[in-house]
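Computed over heavy atoms, backbone and side chain alike; hydrogens, waters and symmetry mates excluded.
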Number of protein chains: 2
Amino acid sequence: MNETAVKILDVGQELIQTRGFTAMSFQDIASQVGIKKPSVIHHFPSKANLGVALIQRYRDTFASQLDAIRTNPDKNAWDALEFYFSPYLQFAATPEKVCLCGALSGEVTALPEEMRVEVKHFMEDHQKWLETILNNGRKNDELNFNETPARLSRMIFNTLQGTLLVKRSTDDMSQLKDVIKVITHMLK
Amino acid sequence: MNETAVKILDVGQELIQTRGFTAMSFQDIASQVGIKKPSVIHHFPSKANLGVALIQRYRDTFASQLDAIRTNPDKNAWDALEFYFSPYLQFAATPEKVCLCGALSGEVTALPEEMRVEVKHFMEDHQKWLETILNNGRKNDELNFNETPARLSRMIFNTLQGTLLVKRSTDDMSQLKDVIKVITHMLK
DNA sequence: TTAAAACTACCTACCGTATGGTAGGTTGTC
DNA sequence: GACAACCTACCATACGGTAGGTAGTTTTAA
């Protein structure tokens, strides 16, 4: 992958996370990268193509990081959770930015089919990963909770995504920290 | 308010909740109402104007219903919560539909300023209303929880909004029921 | 070794379509 | 005669995407 292509993905991702896929245009990307619109299309021949490339890169990044933690025998459930929460905490510093797939989920009906399946996979990956953490954590007596891991993991994931969504229009950045605190309490 | 104007609001709301504000056009509304585009604009002279009217109507509907419950001495905290959760449960029957203000929050940066303040007020209203329920419920020994009502109410609201967001791309409608069950457990 | 061929990254110019919105007219009703 | 609701026709702008060309680099083969 070429340097310009990477820059296009970076700018495109930032634009989707702040403004949304529909509201983002090839022209916007071109301006910020410093090239002309057709040059962007030269690298990614359609908006759907660009969108899919973006989500796949996002998924891959997460997947490799999460797997590294999960397979590391020195890390326990709390390490894994702390790692998992850290990107969400970072969003507290950028009021208008949300998770890429949260942003896309909000406009999923306006998305090309190829992108929808990618978004869906991202969601499922995350919920499964969290479920595994909860399951193992309880087996090892590190975590303590009553609900089934399946339900609880879905709820935690939804809560984090929802908090990103809501903090955007309330300008209340403390919610992220608070919510993670409450979740942490629920697992003790 | 004229019959056609109401129809325009109805169709517009449905379109925002399923496709989003940016992706919705005057033309879409006109087609579904059965009139021509300029006639829609005759009733609502700009998209921002239509958007504001929509949110205000949505807020008013909720506010009056919620206040009716809150001020009714025959209703306790669990009645209020059940009532509060009911619209969310209805969303389980419409896979692509989310709360109007959740939808708008997802594209808040692409929204005209007048609409942003309305969305913000909606969020604040809901969080405050929930907070009051939690507060009174605990005072009357109906509800039982450890967190502060402010924090917990924000978390519950975010969780519900997040679940709407996520169910959209996962096609897993059972999440809404599950999440509400977990929340209910947290308050016992 | 070197020149033709192929490829890459980028450009200008353009096209069809859709958008929000305007101008101005028609019809029917208080 | 004023007004409301609706219409046709239009406008400027922005969009995703295409056509076709240029300059520079890389590959290939005599």
Side-chain angles (χ1 to χ4, degrees), chain A residues 1-55 57 103-104 106-116 118, chain B residues 1-55 57 103-104 106-116 118:
Chain A
M1 174 104 60
N2 168 317
E3 189 186 331
T4 307
V6 172
K7 231 192 248 179
I8 291 173
L9 289 180
D10 290 342
V11 169
Q13 182 174 325
E14 181 80 19
L15 281 171
I16 294 176
Q17 291 186 265
T18 50
R19 280 194 251 160
F21 184 76
T22 311
M24 170 200 77
S25 73
F26 280 134
Q27 186 56 62
D28 293 330
I29 298 177
S31 302
Q32 288 195 30
V33 172
I35 57 180
K36 300 294 173 181
K37 186 181 71 167
S39 305
V40 177
I41 297 171
H42 167 72
H43 290 279
F44 300 94
S46 77
K47 233 187 150 183
N49 181 292
L50 171 63
V52 169
L54 257 162
I55 310 174
R57 188 180 70 153
L104 292 171
E107 43 185 340
V108 78
T109 51
L111 255 39
E113 183 58 28
E114 314 107 273
M115 289 182 65
R116 276 189 236 185
E118 290 295 328
Chain B
M1 174 104 60
N2 174 315
E3 191 185 329
T4 307
V6 172
K7 230 191 246 176
I8 291 173
L9 289 180
D10 290 343
V11 169
Q13 181 173 327
E14 182 80 19
L15 282 171
I16 294 177
Q17 290 186 266
T18 51
R19 281 194 251 158
F21 183 77
T22 311
M24 170 202 77
S25 73
F26 279 134
Q27 186 56 62
D28 294 330
I29 298 177
S31 303
Q32 288 196 30
V33 172
I35 56 179
K36 300 295 174 181
K37 188 181 72 166
S39 304
V40 178
I41 297 171
H42 167 73
H43 289 280
F44 300 95
S46 78
K47 233 186 149 184
N49 179 293
L50 172 62
V52 168
L54 258 161
I55 311 172
R57 188 181 70 152
L104 292 171
E107 43 185 341
V108 78
T109 50
L111 256 39
E113 182 59 27
E114 314 106 272
M115 289 182 67
R116 275 189 236 185
E118 289 296 328

Checklist entry - Considering only D:dT8, D:dT18, C:dA9, which nucleotide approaches the side chain of A:P38 most closely? => result D:dT18

Checklist entry - Does A:T4 put a side-chain nitrogen or oxygen below 4.0 Å from OP1 or OP2 of C:dC10? => result yes

Checklist entry - Tell me: CZ of B:F44 to C1' of C:dG20, nearest whole Å? => result 16 Å

Checklist entry - Within this structure, what is the CD1-to-C1' distance between B:I8 and D:dA5, rounded to whole angstrom? => result 10 Å

Item to check | Spacing of B:I35 atom CD1 relative to D:dC6 atom P, expressed in whole Å | outcome: 6 Å

Item to check | Value in whole Å for how far the P atom of C:dT19 lies from CG of B:L50 | outcome: 15 Å

Checklist entry - If only atom types and distance count, is the side chain of A:K47 paired as donor or acceptor with the main-chain N or O of A:P112 below 3.5 Å? => result no

Checklist entry - Given side chains that start at C-beta, do those of B:V6 and B:R57 come closer than 4.5 Å, heavy atoms only? => result yes

Item to check | Passing option when A:E14 is tested against A:T18, A:V11, A:I16, A:D10 for side-chain contact (heavy atoms from CB on, under 4.5 Å) | outcome: A:T18

Checklist entry - Closer than 4.0 Å, any side-chain N/O of B:S39 to the OP1 or OP2 of D:dA5? => result no

Next on the checklist: Please tell me if B:H42 has a side-chain N or O lying less than 4.0 Å from either OP1 or OP2 of D:dC6.
Outcome noted: no

Checklist entry - What is the distance, rounded to the nearest whole Å, between atom CD1 of A:I41 and atom C1' of C:dC15? => result 13 Å

Next on the checklist: Side chain of A:Q27, heavy atoms from C-beta onward: which of C:dT12, C:dA9, D:dC15 has the nearest atom to it?
Outcome noted: D:dC15

Next on the checklist: Checking contacts here: which listed nucleotide (C:dG20, C:dG21, D:dT18) is nearest the side-chain heavy atoms of B:S25?
Outcome noted: C:dG20

Checklist outcome for this item: Walking DNA chain D from its 5' end, the first of B:N2 and B:K37 to be reached, judged by nearest nucleotide, is B:N2

Item to check | Residue A:E3 excluded, over 12 heavy atoms near CD under 6.0 Å | outcome: no

Checklist entry - Looking at B:Q13, B:Q17, B:R19, which one forms a side-chain contact (heavy atoms from CB on, under 4.5 Å) with B:L15? => result B:R19

Item to check | Polar side-chain contact A:K47-D:dG17 base: donor and acceptor under 3.5 Å | outcome: no

Checklist entry - Just how far, in rounded Å, is P of D:dG17 from CD1 of A:I29? => result 11 Å

Next on the checklist: What is the separation between atom CZ on B:F26 and atom P on C:dT17, rounded to the nearest whole Å?
Outcome noted: 23 Å

Next on the checklist: In this structure, how many angstroms lie between the P atom of C:dG20 and the NZ atom of B:K36, rounded?
Outcome noted: 16 Å

